[in-house]
**Q** 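Please find one structure pasted underneath; my questions will follow.
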Amino acid sequence: MFAQQIVNAISLGSVYALFALGFTLVFGILGVINLSHGGIFMVGAYAALLLLTRFEIPFWAALPLAMLAAGLLGLAIDLLILKQLRKRGAPHLMPMIATIGAAILMTSLSQGLFGSETRRFPLDLFDQESFSWGPVTIPVLQAGITALSVLLMLLMVWVLKRTRIGQALRAVAESPKAASLLGIPVERLFHLTSFVAAALGGAAGILIGLSFDAISPFMGQPMLHKGIAAIILGGLGDVRGAVLGGLFLGAAEVFAVTVLSSEYRDALSFGLLFLVLLWRPQGLFGASATRSA
Amino acid sequence: MDWSSWWDTYSTLVLSIGVYGMLALSIYLTLSCGLLSLANAAFMGIGAYMSAIATLQFEWPFAFALFLGTVLPAAVAFLIGIPVLRLSGVYLAMATLGFGEVVRVVLLNLDITGGPLGLNGIPPLTTWWHVVLALALTVALLQALRRSRIGRAFEAIREDETAARLMGIATDRIKLLAFVLGAAIAGLAGGLNAHYTFTLSPGNFGFESAVDILTMAVLGGIQGVAGPLLGGAILTLLPELLRGLQEFRMAANGLILIAVVLFMPQGLWDPARFRRWRRSRGTRAEA
Amino acid sequence: MRTFLTSALLALSGFCCLSVASAGDIRIGLAEALTGPASQYGVPIRNGFLLAQEELNAKGGINGNRIVLVEEDERGKKEEAINVYKKLIYQDKVLMIFGPTLSNSMFAAGPIAEAAHVVAFGTSNTASGITDIGPYVFRSSPMEADVVPVTLKAAIKRLGLHKVGIIYGNDDAFTKSGYDVFRQALEAQHIRVVDTETYSKGDVDFKAQLTKLKAEAPDAIVCPCLAEEGANILIQARALGITVPFIGGNGFNTPKLLENAKTAAEGTIVGSPWFDGNPSPENQRFIAAYRKKFGSDPNQFSAQGYDALFIVAEALRKIHLTGQLAQDRQALRDALPAIQYAGATGRFAFRPAPLHNGKPGGYDADQTPFVYIVKNGKFALLK
Amino acid sequence: MLKLEGLSRQFGGVRALDDVTLTVHPEQVYGLIGPNGAGKTTVFNLVTGLFPPTGGLLEFDGRSLQGVPPHRIAQRGIARTFQNIRLFQEMTLIDNVIVGMHAHLPYHFWDLLLRTPAFREAERRARARALQLLHRVGLGTLCEELAGNLSYGNQRKLEIARALASRPRLLLLDEPVAGMNATEKNEIMALIRSLRQDRLTVFMIEHDMRFVMGLCDTVAVLNFGRIIAEGKPAEIQANPAVIEAYLGQEEPA
């Protein structure tokens, strides 16, 4: 059972990690807690569902198209809302409230358009196989999600550490003002970040929709909570930390179920968040810098 | 439509306007010294449960129940405030959010709170004058604070905490005061709310309500006590006013939020804007 | 600000009487969650009512009077449920009210109707204590306490249970009351509970809990869950190699479960007054009409809403409406308890709730639930 | 009055201050000069308790300031202004000054709740004194204006008025005339002279040599976190080490 629980922890954690990846990226670069990330996550799932069922597009094409849709939505939020607030130098409270508004808007619109029923992707899309290895069972799709979130994390870390765009992004994260003095096109990088983060959020929505029976207009809210916990555990704005934070959160929850009782599982994750903020506001895994990539 | 049938229909709405006004004021208090705390829904919940348990299970007098519902959240705020208020900005917001979730899960798992079923059959004790009195006391308290050294200290801390400390202001204590008073007001509002809605469940005090309360204050504006009251009233009325939109009712709510943040960053009630108007009118009068 | 408030209140008071009523209309309030998460139950309920209204009016209504449903969205929130109730009672002057969707909302709104001496008729409230509010509160949804013991007995007979595991949502009034009832029934039948696991609303991954359950090797898993989580739980349980059958509560009783869980649902035992495989002509007619009107399958919630309007129609036929609102409301309340009806959910009668603190309560549903099992992707009666 | 002994402070691995020793005597105007980045403002930050020294002693009126929180230090009689002005921008001038009196408003919480006579009297006096202070720095006519609307020079004046409001015995001025024109500089100079006549002790950081040399009784020079010279203005001007430190350094004022 213990081995199986470790597998469960990794699979649950990688779901959180995948969501947290884009979420933390926006905070790291834009310095904004984008509370509409849960909404984008939901829209991504619906976009893919629509493409698959209404337009009958094959999955390999629907995935990037839905990610594109989510990304464009993120870009629109940046251009229409966050950019305006940046121009004005609004205090950090303002983007939070505006993105809450955007999340409410998205939830309400998709409820009006798609109804409030929980839906799922056509079951025959992927085989729901799992492979067994001794006492341990691993669903194939879950393994895929885990692999994908680790892959995306490695990709993001590589981009941030090794490429020129990454260098520029890190400069922006450090200080947008200084970066623009260095001739870095800060605004364009903000747009890019918003797009990429939202596309990642959309991908998370699609993948979760694939492995669970979970597509509903309200799917974003609980995930947003977990995402907040994950990125704080990992250190706000830290890409590597977000994934580690997500995995840690998954492990903590599974541990809570296994060793304690499942009733206090949620209290554990938010209690952890609370304690981490008090003792290590930079996160469990980060060094001292909080906004570094 | 005559008065009594109007009152029959809308009395709960009117009580809600008052109670949500108090909640918006409770978060205004912390915002006015620069603290973004999302714990007020949890404090409201603690106050609501405390006072409902007092009347429902112990059959204590309503006034005493409300008193307990005010004091208990304040005491909790005092205990968590000491460590939590060292944080600022987004970190404080997230920590208080986490605290709120912990409170929700605890309410969900205690026996005395009725778990997920909550408390039902709470006696209908809240009448209009309770709300008016509580609201008046809250406003009087906040106004008294505002025009005193404590109110000035709030403002100074919001603008520049370091400078405020160097002016001899014990910022830690002042912030704790705002946090604790905010919790007390939220708790009182919760106690009142419990006794005109007759039922409580942990879900009433989660993230969504925390956000609602914050939104009211920001929508109305936090330049004075009138703003949060206005914001509370509007967001309480809005769902009723927008009934015609049906499924898209909440979409309008979201749009309004975005629009206010974008186009009226100081909120609807903005004395500076009014002053500008008055001044332009004044110069015209002189000419 | 004052002018704003005044105009807002004026606007509010102007909201009444949007629909023009003709003299012979019977106005009945319908307060359901049409938006927000609870709308996944509220909307099917509303659809059931709309269908019943259409059918009743097509047949000439009640003694020639049309039934007019005054529909309001209560969003699954207690304050809104109260506001909607007050609006329906005092402004729209309805004869009685159906809804609200969630038990918690009924706990908030019920006392309002009780105080105004108006019938509050819940079709989806299963929590215990609802009818303690008072003699004006009725419900057509059988309590879990009536359904679960029957289900359990049938399951024991079929499966020969000795020990079971439980998984349920512990932050939801519906699933928690289901759990409470199951636990009592299990105790009464001397079945050992080897492990109890919980989850929260919105969870999608239940593997940690299921792995723990699997380790205890129960004969069956009791799952008082809603269908959303239920389908995920079934699928993940099978993926983890749990082969024992599941026993569900009321929430499992929806075609959605089969649609989403597919083969993972095989062998699941569910008890409920309604299921789509019930061959009674009333039920099959209802299912066909619903599909035609809404293009989707009905569920238990729509069936209960559908039947509820017919139950009230029976009562209305028995009384003479005078046009004096208070008198008519009282007459309806007095006529309802005696109504018996056979509809999509089978034979229906009311049963007075036991005294609560020495005071009379309202009326619960008195129905015999079916127990059925999922076989070849379909619900079939368990014999 | 203020004694720094072997004071040092490190940030990460960087030594911002290294073994700084100096004494400010009562009723003195003490100047601290040095090139940019020499650590002058760090001295003020340590004295006002913004962060603790990593080594050395810090004494005010014979009592250690070690571990005393900033607001207590302020209440003991040390007030300061800031190099990068830190006014409460959205408060009026008069409120800015009254904030400076925070610790000297002798009423209790219940006084303000009940608006007792003690409260009214204290508030009335505070206003009157704030107005007086504003007049003293030449801003009396602007008292209801928002601080953020003031010109740069006037903002510096307001900072001094706010600092004076706490009735300090030691006033720390961090570049009080930076960015000011000649007339304004003369006004500030006159103000500081009059403060000295009121027996206030002044400890200031300033780049403007004419200003420093014209006002200070003693001048110390800080370079790379170390005091390289201390003495009367004339001695300092002649000190070769000082000239060396400033060599190649543009006169910033």
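Order of the sequence lines sets the chain letters (A, B, ...), proteins ahead of strands, with each chain counted from 1.
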**Q** Less than 4.5 Å to any heavy atom of chain B: does that hold for the side chain of Asp172(C), its backbone, both, or neither?
**A**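 The backbone, not the side chain.
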**Q** Under a 3.5 Å distance rule, please check whether Ser105(C) uses its side chain to pair with a backbone N or O of Thr101(C) as donor and acceptor.
**A**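 Answer holds: no.
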**Q** Can Glu80(C) and Arg75(C) be counted as an ion pair, charged N to O under 4.0 angstrom?
**A** yes
**Q** What class does the angle between the rings of Tyr363(C) and Phe138(C) fall in, given that below 30° is parallel, 30 to 60° is tilted and above 60° is perpendicular?
**A**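 Ring orientation of Tyr363(C) relative to Phe138(C): parallel.
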**Q** Would you mind telling me which of Lys78(C), Glu72(C), Lys176(C), Glu79(C) has the largest number of heavy-atom pairs within less than 4.5 Å of chain B?
**A**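 Of the options given, most contacts go to Lys78(C).
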**Q** Can you tell me if Glu32(C) uses its side chain to pair, donor with acceptor, with the backbone of Val43(C) under 3.5 Å?
**A** no
**Q** Parallel, tilted or perpendicular: which one describes the rings of Tyr168(C) and Tyr179(C), with boundaries at 30° and 60°?
**A**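 Rings of Tyr168(C) and Tyr179(C): parallel, under 30°.
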**Q** Using a 3.5 Å distance criterion without hydrogens, assess whether the side chain of Thr131(C) forms a donor-acceptor pair with backbone atoms of Gly361(C).
**A**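 Checking the backbone N and O of Gly361(C) against the side chain of Thr131(C), no donor-acceptor pair under 3.5 Å is found.
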**Q** Given the rule in the side-chain contact (heavy atoms from CB on, under 4.5 Å) test, do Leu30(C) and Arg46(C) qualify, once you have shown the distances and angles that lead to the verdict?
**A** CA-CA 8 Å; Leu30(C) 179 59; Arg46(C) 191 248 328 247; 3.9 Å; yes
**Q** Are there residues of residues 192-200 of chain B whose heavy atoms fall under 4.5 Å of chain C's heavy atoms? If so, which?
**A**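 Those residues of residues 192-200 of chain B which have a heavy atom under 4.5 Å from chain C are Asn193(B), Tyr196(B), Thr197(B), Phe198(B), Thr199(B), Leu200(B).
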**Q** Between Ile89(C), Thr175(C), Asn170(C), which has the largest tally of heavy atom pairs under 4.5 Å with chain B?
**A**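 Winner by heavy-atom pair count: Asn170(C).
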**Q** Checking the side chain of Thr196(C) only, and the main-chain atoms of Ile166(C) only, is there a donor and an acceptor separated by less than 3.5 Å?
**A** no
**Q** Name the region of Ile133(C), side chain, backbone, both or neither, that has any atom closer than 4.5 Å to a heavy atom of chain B.
**A**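 Looking at Ile133(C), nothing touches chain B.
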**Q** Given that the side chain runs from C-beta out, which part of Ser16(B) has a heavy atom under 4.5 Å from chain C: side chain, backbone, both or neither?
**A**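 Contact with chain C involves the side chain of Ser16(B) alone.
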**Q** If the condition is salt bridge (charged side-chain N to carboxylate O under 4.0 Å, His left out), which residues does Asp364(C) pass it with, not counting sequence neighbours?
**A** Arg139(C)
**Q** May I ask you to check whether Trp7(B) and Tyr90(C) place their ring centres under 6.0 Å from each other?
**A**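 Aromatic pair excluded; centres sit 6.0 Å or further apart.
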**Q** As a quick check of understanding, evaluate salt bridge (charged side-chain N to carboxylate O under 4.0 Å, His left out) for Asp171(C) and Lys201(C), giving each step before the final call.
**A** CA-CA 7 Å; Asp171(C) 62 344; Lys201(C) 232 179 266 177; 5.4 Å; no
**Q** Sub-3.5 Å donor-acceptor pair from the side chain of Glu114(C) to the main-chain atoms of Tyr136(C), do we have one?
**A** yes
**Q** Would you find a donor on one side and an acceptor on the other, under 3.5 Å apart, between the side chain of Arg329(C) and the backbone of His117(C)?
**A**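 No, the answer is negative, given that no donor and acceptor are paired below the 3.5 Å cut-off.
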**Q** Go through the atoms of Pro239(B) and report whether side chain, backbone, both or neither lie under 4.5 Å from a heavy atom of chain C.
**A** side chain
**Q** Measure the acute angle between the ring planes of Trp6(B) and Tyr10(B), then classify it against the limits of 30° and 60° as parallel, tilted or perpendicular.
**A**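 Geometry flag for Tyr10(B) against Trp6(B): tilted rings.
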**Q** By number, which residues in residues 117-128 of chain B have some heavy atom less than 4.5 Å away from chain C?
**A** Leu117(B), Asn120(B)
**Q** How about Glu208(B): does its CD atom have over 12 heavy atoms from other parts shown lying under 6.0 Å from it?
**A**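 Not more than 12 within 6.0 Å, no.
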**Q** Considering only heavy atoms, give the residues of residues 104-116 of chain B separated from chain C by less than 4.5 Å, sorted numerically, with 'none' for an empty result.
**A** Arg104(B), Leu108(B), Asn109(B), Pro116(B)
**Q** With distance as the sole test, does Asp92(C) use its side chain to make a donor-acceptor pair with the main-chain N or O of Val94(C) at under 3.5 Å?
**A** no
